[in-house]
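Computed from a predicted structure; not experimentally measured.
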Amino acid sequence: DYGWKTNGNIDQLSAGQIHAESHTEAENSVRAKDETEEDHMPEYGKISRLSSPPNEASGEDKWPFQWNPNSRPILKAHPITIPENHPLLKEHDPRFDISGSTLSKLRAFLIPPSGPEYRQSQKGSFVLPSLPAINVFIRLFFEYFSPQMPVLHHATVNTNTDLPPPLLAAIVIIGAIYSHLKHTRRFAIVLLDIVRWHLIIALECDNSLMRDPMIIYAEALICHTGLWNGNKRAFELAEVVRGALVTHIRRANFGDIKSQAKGSNQAEWKQWVVGESWRRLAWVIYAIDCQFPSLLSLPGTISIGEVGN
């Protein structure tokens, strides 16, 4: 597999794990219920039987795929801490750890813009976890989720230099979901909303990002997580992200790039890694696009011929 990690027994970020259930009580009751559930989170490694992530309180929540845009969104998430004696820290592998400077770049990406438009909007607020906790989330992503969408080459990827802040933020969101720690469900919902919004702004400001495979991969992770994190607002906006995601990979010719490296084996090897990542990214996006016909009874956007060619 040339260094790409595979694992046949992978936990799935699926509807069975984190799919939404109806919430018909008032918002205060929803929040109280969520806090009570998080206080009884199972120990790491055990299967969670708790209810799905919280939704906005709405009379339509009892019906699948119906969401009231006038309902109050989830805007705040409590801080996440990991005790020093927790197995997540004791068994941590530092292979994919990021440095403090990389974390500072991530924080800078998540800083909200100034201006009255932002103040009038309802954007969430949260506290980014400490560097050790962030590194735990990144490791969980590579261990449990990356084999499902194996775009990144585990043997050679450098998390400090190869991953732009939007992709790193999406990785943190998914890793937090896999941690099963207290407050991570609400944290993932709030951070996903902020990352999606900031990525849209970045794409509008820099056209070159539309052809960057790591940015397109970040879009793919945002879309996938929005589908399956159980929040109805995120679900609907995932359908919006899908349109941009498909357009960007299509304009990039579905990763069909010609190798230009000649000479040393090292140069050819690196070029192979880049080309293989592009091809895998195209198939990942095709797989995401295939989920929408099943979920919404809508036709797929990408044909098998586009990817196969």
In this structure, CG of Leu167 is separated from CD1 of Ile216 (nearest 0.5 Å) by 11.5 Å
Applying the 4.5 Å side-chain criterion to the ILVMFWY set and letting contacts propagate, would Ile200 and Leu168 be lumped into a single cluster? no
Indicate, with yes or no, if Leu88 and Leu131 share a hydrophobic cluster defined by side-chain heavy-atom contacts under 4.5 Å among Ile, Leu, Val, Met, Phe, Trp and Tyr. yes
For Phe96, ring pair (Phe, Tyr, Trp, His ring centres under 6.0 Å) partners two or more places apart: Phe142, His154
Check side chain to side chain contact (heavy atoms under 4.5 Å, CB included) between Asn207 and all other residues, then give those that pass, not counting sequence neighbours. Met210
Mind checking what makes side-chain hydrogen bond (donor to acceptor under 3.5 Å, both in side chains) contact with Ser208, not counting sequence neighbours? Asp206
Measure the spacing between CG of Asp93 and CD1 of Ile138 and express it to the nearest 0.5 Å. 12.5 Å
Name all residues meeting the side chain to side chain contact (heavy atoms under 4.5 Å, CB included) criterion together with Glu84; count only those two or more places apart in sequence or in a different chain, and write none if there are none. none
Please set out all donor-acceptor pairs under 3.5 angstrom arising from side-chain atoms of residues 237-246, sequence neighbours excluded.
residue: Arg242; atom: NE; partner: Asp289; partner atom: OD1; Å: 2.8
residue: Arg242; atom: NE; partner: Thr301; partner atom: OG1; Å: 3.4
residue: Arg242; atom: NH2; partner: Asp289; partner atom: OD1; Å: 2.9
residue: Arg242; atom: NH2; partner: Pro299; partner atom: O; Å: 3.3
residue: Arg242; atom: NH2; partner: Thr301; partner atom: OG1; Å: 2.9

Applying ring pair (Phe, Tyr, Trp, His ring centres under 6.0 Å) to Phe141 and not counting sequence neighbours gives Phe145
Separation of Ser297 OG from Phe292 CZ (nearest 0.5 Å): 13.0 Å
Ring pair (Phe, Tyr, Trp, His ring centres under 6.0 Å) with Tyr286: which residues, sequence neighbours excluded? Trp283
How many angstroms lie between atom CD1 of Ile98 and atom CG of Leu163, to the nearest 0.5 angstrom? 9.0 Å
Checking Ser303 now: which residues fulfil side chain to side chain contact (heavy atoms under 4.5 Å, CB included) with it, not counting sequence neighbours? Glu306
Report the residues that fulfil salt bridge (Lys or Arg N to Asp or Glu O under 4.0 Å) with Arg279, sequence neighbours left out, ordered by chain and then residue number. Glu276
With Phe187, which residues qualify under ring pair (Phe, Tyr, Trp, His ring centres under 6.0 Å), at least two apart? Phe126
Between His92 and Asp97, a side-chain donor and acceptor under 3.5 Å: yes
Quick one: list whatever passes side chain to side chain contact (heavy atoms under 4.5 Å, CB included) with Val274, sequence neighbours left out. Ile257, Trp278
Tell me every residue that passes side-chain hydrogen bond (donor to acceptor under 3.5 Å, both in side chains) with Asn160, counting only those two or more places apart in sequence or in another chain. Ser99, Thr102
Quick check on the hydrophobic clustering: are Trp228 and Leu298 connected, directly or via other members, by side-chain heavy-atom contacts under 4.5 Å? yes
Working to the nearest 0.5 Å, report the span between NZ of Lys182 and NE2 of His78. 8.5 Å
